[in-house]
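The structure appears right after this line, and notes come after that.
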Amino acid sequence: MEYGVYVQHTSGGNMILVCLYVDDILLTMGYSDEMVKFKKVLMNEFEMTDLGKLLYSLRMEILYSEKGIIVQQLKYELELLKIFKLINCKSALTLAETNHKLDSDTEGNDVDATTFKQLLGSLRYLCNIIPDICYAIGMISRFMNKSKWSQYQAVVRILKYIKGTLEFGVLFSYGAEKYEDQGDEASEIDD
């Protein structure tokens with residue numbers, strides 16, 4: 001098995017996290033001097049380009065603030081709403097209707113299976129940033145092979161809910177006083 005995340009403990013008692021994805025390497029740690037040394041070691045060994053601070057990766061946008069690092073997917077969320085023609089729809093306050101039984105629609109109109117699977121698959125990319133949609137997507141995924149109109153509407157409702165959360169993201173606060181002045185740093189290297 002190949003791992004995707006490695007930890008390098010430094011002499012100063014810090015950690016460098018090395019995350020690999022296909023041909024990209026993401027390095028992150030709280031203290032940048034040791035990371036600069038680590039990058040030099042990697043660049044001497046491998047042909048690499050330092051792309052600087054990480055701003056966008058795997059459809060996630062990374063923003064840096066005084067409080068910490070914010071991860072969001074606004075661009076991707078807007079793209080989904082546009083693709084599925086819901087950019088101008090009214091947002092939903094909840095993920096699902098109360099007491100809505102997904103499996104009760106056995107005789108309703110069939111929905112194009114490809115579109116249904118594409119929509120559900122697209123929504124799975126948002127589960128890391130909007131974890132409250134995970135359960136709903138998992139429940140609706142049970143109907144991918146024989147989806148009906150009411151189940152498709154349940155997925156559309158999730159998209160409408162997402163429209164109401166566009167300004168949200170996940171904050172990873174700096175936390176440690178030791179790094180308050182410097183802030184955490186994430187750097188992307190492309191080889």
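Count residues from 1 along the sequence.
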Side-chain polar contacts of residues 77-88 - donor-acceptor pairs under 3.5 angstrom, sequence neighbours left out - could you list them?
none

Result block: side-chain N/O donor-acceptor pairs under 3.5 angstrom for residues 118-129, not counting sequence neighbours:
residue, atom, partner, partner atom, Å
Ser122, OG, Gln118, O, 2.8
Arg124, NH2, Ser141, OG, 2.6

Phe38/Gln8 under side chain to side chain contact (heavy atoms under 4.5 Å, CB included): CA gap, chis, key distance, verdict: CA-CA 9 Å; Phe38 188 74; Gln8 170 68 46; 3.9 Å; yes
CA sep, side-chain torsions, deciding dist, call: Val71, Phe172, side chain to side chain contact (heavy atoms under 4.5 Å, CB included): CA-CA 8 Å; Val71 181; Phe172 295 94; 3.6 Å; yes
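A continuous path of ILVMFWY side-chain contacts below 4.5 Å connects Val18 to Phe46, so both sit in one hydrophobic cluster.
When atom types are taken as modelled, the side chain of Gln151 and the backbone of Ile140 share no donor-acceptor pair closer than 3.5 angstrom. Remark: side-chain polar atoms of Thr165 are not paired, donor with acceptor, to backbone N or O of Phe168 under 3.5 angstrom. Using modelled atom types, no side-chain atom of Glu45 and backbone atom of Leu42 make a donor-acceptor pair closer than 3.5 Å.
Tyr174 is listed as a side-chain neighbour of Ile69, based on a closest heavy-atom distance under 4.5 Å. At a threshold of 4.5 Å between non-hydrogen side-chain atoms, the residues Lys39 and Asp50 count as touching. The side-chain heavy atoms of Tyr21 and Leu58, taken from C-beta on, include a pair separated by under 4.5 Å.
Separation of atoms CE (Met60) and OG (Ser57) is listed at 6.0 Å; rounding is to 0.5 Å. Here the NZ-NZ distance, from Lys160 to Lys163, works out to 10.0 Å after rounding to the nearest 0.5 Å. The distance from the CG atom of Leu54 to the CD atom of Glu61 is 11.0 Å, given to the nearest 0.5 Å. Atom OG1 of Thr28 sits about 6.0 Å away from atom CE of Met35, to the nearest 0.5 Å. Atom CG of Asp110 is separated from atom CZ of Phe116 by 11.5 Å, given to the nearest 0.5 angstrom. Distance check: Ile130 CD1 to Tyr161 OH gives 7.5 Å after rounding to the nearest 0.5 Å.
The side-chain contact (heavy atoms from CB on, under 4.5 Å) test applied to Val41 returns no partner, not counting sequence neighbours. In this structure Thr10 satisfies the side-chain contact (heavy atoms from CB on, under 4.5 Å) test together with Asn14, Ile16, Glu34, sequence neighbours excluded. For Thr94, the side-chain contact (heavy atoms from CB on, under 4.5 Å) partners two or more places apart in sequence, or in a different chain, are Arg157. For Asp112, the side-chain contact (heavy atoms from CB on, under 4.5 Å) partners at least two apart in sequence or on another chain are Thr114, Thr115. Checked against salt bridge (Lys or Arg N to Asp or Glu O under 4.0 Å), Lys40 has no partners two or more places apart in sequence or in another chain. For Asn44, there are no side-chain hydrogen bond (donor to acceptor under 3.5 Å, both in side chains) partners two or more places apart in sequence or in a different chain. Partners of Tyr152 according to the ring-ring contact (aromatic ring centres under 6.0 Å, His included) rule, which considers only residues two or more places apart in sequence or in another chain, are Trp149.
A cation-pi contact, defined as under 6.0 Å to the ring centre and within 45° of the axis, links Lys75 to Tyr56. Geometric assessment of Lys53 against the ring of Tyr64 yields a positive cation-pi assignment under the 6.0 Å and 45° thresholds.
Members clustered with Ile70: Leu63, Leu171, by chain and number, using a 4.5 Å side-chain heavy-atom cutoff among hydrophobic residues.
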